[in-house]
Amino acid sequence: MSLVLYNTLSRSKQLFTPIDPQRITMYVCGPTVYNRVHIGNARPAVVFDTLFRLLQSLYPNVQYARNITDIDDKIMNRAAELDEDISALSERYAQAYFEDMAALNNLEPSIVPYATQHIPEMINMVKRLVDKGHAYVAEGNVLFAVQSMPDYGVLSGRSLDDMLAGARVEVASYKQYAGDFVLWKPSADHEPGWDSPWGRGRPGWHLECSAMIEKHLGETIDIHGGGQDLIFPHHENEIAQSCCAHDGKPFTNYWLHNGFINVEGEKMSKSLGNFRMVNDLLDQYPGEVLRYVLLSAHYRSEQQFSKDLLDSAWRSLDTLYGFLRGQSPCNAVINRDSAGFKALLDDLNSPVAISELYRLAKQMHAASGEAKDALQAELMGLAGLMGLLHQDPEHWFTLARGDSDISVEDIERLIAKRKQAKLDKDYAGADQVRQDLLDLGVVLEDSREGTSWRRG
RNA sequence: GGCGCGGUAGCAAAGUGGUAAUGCAGUGGACUGCAACUCCGCCAUCGUCGGUUCGAUUCCGACCCGCGCCUCCA
C-alpha cells in the first residue's frame with residue numbers, strides 16, 4: 001500500500017513520503033473570483049478532491065487548503081465594468097464557486113483562505129524578503145530579485161536567460177532585472193489598498209499563496225497542486241518567495257499539475273469564445289456526469305471535452321446505476337488489495353479505477369447473498385474514493401434530461417394504462433403507450449416484478 | 001528562439017518488450033408478446049520510416065502532425 005505521485009519537480013513518479021504521517025498538508029490554487037468558473041477550472045478541483053479522498057483513506061489527518069483570490073486587477077476591472085463594489089462582487093462569485101464545486105460533489109477543503117484576510121501575513125513576508133536581500137523597493141513597488149536566488153527556475157526547468165529570450169511583455173523600467181516580479185504594488189486612491197511600509201498598496205499575484213501556505217500549513221508542505229499553466233511563473237515564484245523567506249528551507253515536496261481541456265477539438269479560450277461554464281453545463285447535466293467525464297481521463301493528460309462525451313458519460317453512469325437499482329444501501333468498504341484502489345495509488349489512475357467499477361458492478365450483478373453484498377460494499381468504497389455513485393439509484397433515473405418535462409404522476413398513470421392493455425392482450429395499445437413515453441424521454445423496463453422506468 | 005507534452009478502434013481513454021483494459025456507439029445471438037434492461041459473442045496491430053532485440057505499440061533515432069508554457073490564464 002504505497003502512494004506514487006508524478007512530481008513535476010523531478011519529472012518522474014515518486015513514492016509519496018509524507019513529512020509527518022500524522023498531518024498531511026496539501027495546497028491547491030483556487031479561483032480568482034471575478035466570474036463564474038469554466039470546466040477547465042473544475043478539473044483541478046475534482047482531481048485534487050479525489051486525491052484528498054484518497055489521502056484521507058491512507059492517513060488520519062489531511063489538511064487540504066484551497067484559496068480564494070479575492071483581490072486582483074481582474075476583479076477590479078470587472079467590478080468597474082459592472083459598477084459593483086469589489087468585495088461584494090468577489091464574495092458573490094466566491095459563493096457561486098462553492099455552489100459549482102458542491103454540485104460536482106467535491107468535499108469542502110479543510111481550509112479555504114481568502115487573500116484579503118491575510119494582508120498582514122503578506123506584508124510580513126515581503127518585509128523579510130527585503131531584509132534578507134531578496135527584494136527591493138522601486139517607485140512604490142516591491143520587487144523580488146530573481147538573481148538573488150541561484151535555484152530560480154528549478155520547477156519549470158528554465159534558465160533566466162532562456163526566459164528572457166522569449167519574453168513577450170514589455171519590461172517595466174524600474175526593474176533591476178527583467179525577470180523580477182512584483183510582491184507589492186502601489187494603489188491609486190480609487191483602487192483598493194492597504195497601508196504598508198512601502199505606502200498604500202496591494203499584493204502581487206504570487207504572494208498570497210506563499211503567505212497563506214506558511215500560515216495555515218507550514219514552511220514546508222507535502223503536496224502543491226494546480227493547472228499546468230501555473231508552473232511558470234506562478235509556482236516558480238511561490239517557490240522563490242517561500243524558500244527565500246525561509247532561508248532556503250524546501251517549500252513543497254511534491255508538485256502536481258493537471259493538464260488542460262480541449263472543447264470540441266480546440267483549446268478553450270476567451271478569443272475562441274468556447275468557454276464551457278460549469279453552471280451552464282449543470283443546467284443540462286447532473287454534476288456527477290461532469291465529474292465522471294473529468295475523471296475518465298488521467299489528470300495529467302490533455303482531455304477532450306464535448307457534448308457527445310457528456311451524453312455518453314451520462315449513459316455510462318446509467319449502466320452503473322442500473323446495476324445498483326434494487327440493491328439496498330450499504331456501508332462502503334475500501335478493499336486495499338483491489339485493482340481499483342491500486343490504480344488510484346498509482347498516480348491517481350482514475351480511468352483504470354473507473355473500469356474496475358464496471359468489473360465490480362458486473363460481478364456483483366452475477367453474485368448472490370453475502371458475496372453480492374460484499375461486492376456492493378467494495379464497489380461503493382471505490383466509487384466513494386472518486387466521489388461517484390453517491391446518489392440514490394432510483395432518484396438518478398428520475399433526473400430530467402433534455403426538454404422532457406412529463407411528471408412522475410403522468411408517467412405512472414400511463415404505465416398503469418399500459419399494464420391494463422397488456423392484460424387485455426392489447427399489445428398494439430400497450431406498445432403505443434410505451435412509444436408515447438419514449439417520445440417524452442421515458443424508457444420502460446419490464447421485469448418479473450413489474451415495470452420500472454427511467455428518463456434516458 | 002528556449003522549455004515541455006502528445007499522436008492507440010466511430011467517439012473517449014488505459015496499458016505493456018512477447019501480438020492491446022474499460023465505457024459509449026455499432027453489430028450477431030439469448031431473453032422478451034415485441035422492446036428495454038441484462039447475458040453470451042464480434043468489432044484496433046497502437047502517426048511514418050529506420051535501429052536495437054529471438055520478439056516493439058511499448059526502448060533508441062529521424063521525420064510528419066497536433067498542442068502547451070515563456071511573467072493574464074485550470
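Quick note on labels: first sequence line is chain A, next is B, and so on, each numbered from 1. None of these values were measured; they are calculated from a predicted model.
When the nucleotides A35(B), C69(B), U38(B) are ranked by their closest atom to the side chain of Lys267(A), C69(B) comes out on top. Across A35(B), G2(B), A74(B), the shortest atom-to-atom separation from the side chain of Arg158(A) is found for G2(B). Ranking C24(B), A36(B), G33(B) by closeness to the Glu445(A) side chain, first place goes to A36(B). Comparing A74(B), A21(B), C24(B) against the side chain of Val352(A) picks out A21(B) as the nearest. Each of A36(B), A74(B), G23(B) was ranked by its minimum atom distance to the side chain of Ser312(A); first place goes to G23(B).
With rounding to whole Å, Asn349(A) atom CG is found 15 Å from U22(B) atom P. Summarising the geometry, the separation between CZ on Phe181(A) and C1' on U71(B) is reported as 10 Å, rounded to the nearest angstrom.
Between the side chain of Asp431(A) and the base of G33(B) there is at least one donor-acceptor pair of N/O atoms closer than 3.5 Å. Scanning atom types as modelled, one donor and one acceptor separated by under 3.5 angstrom connect the side chain of Arg434(A) and the base of C34(B).
One finds no side-chain N or O of Ser316(A) lying less than 4.0 angstrom from the OP1 or OP2 phosphate oxygen of A13(B).
Taking atom P on both nucleotides, U45(B) is separated from G51(B) by 23 Å, rounded to a whole Å. With both ends at atom C1', the span from A44(B) to G50(B) equals 24 Å, rounded to whole Å.
Stacking between Tyr358(A) and G23(B) is absent: the aromatic ring centre is not both under 5.5 angstrom from the base six-membered ring centre and within 30 degrees in plane angle.
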side-chain contact (heavy atoms from CB on, under 4.5 Å) between Ile223(A) and Tyr27(A), worked out: CA-CA 6 Å; Ile223(A) 297 167; Tyr27(A) 184 90; over 6 Å; no
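Under the 3.5 Å distance criterion, the side-chain polar atoms of Arg434(A) are left unmatched by any main-chain donor or acceptor of Leu444(A).
Geometrically, Lys74(A) engages Tyr34(A) in a cation-pi contact defined by less than 6.0 Å to the ring centre and at most 45° from the axis.
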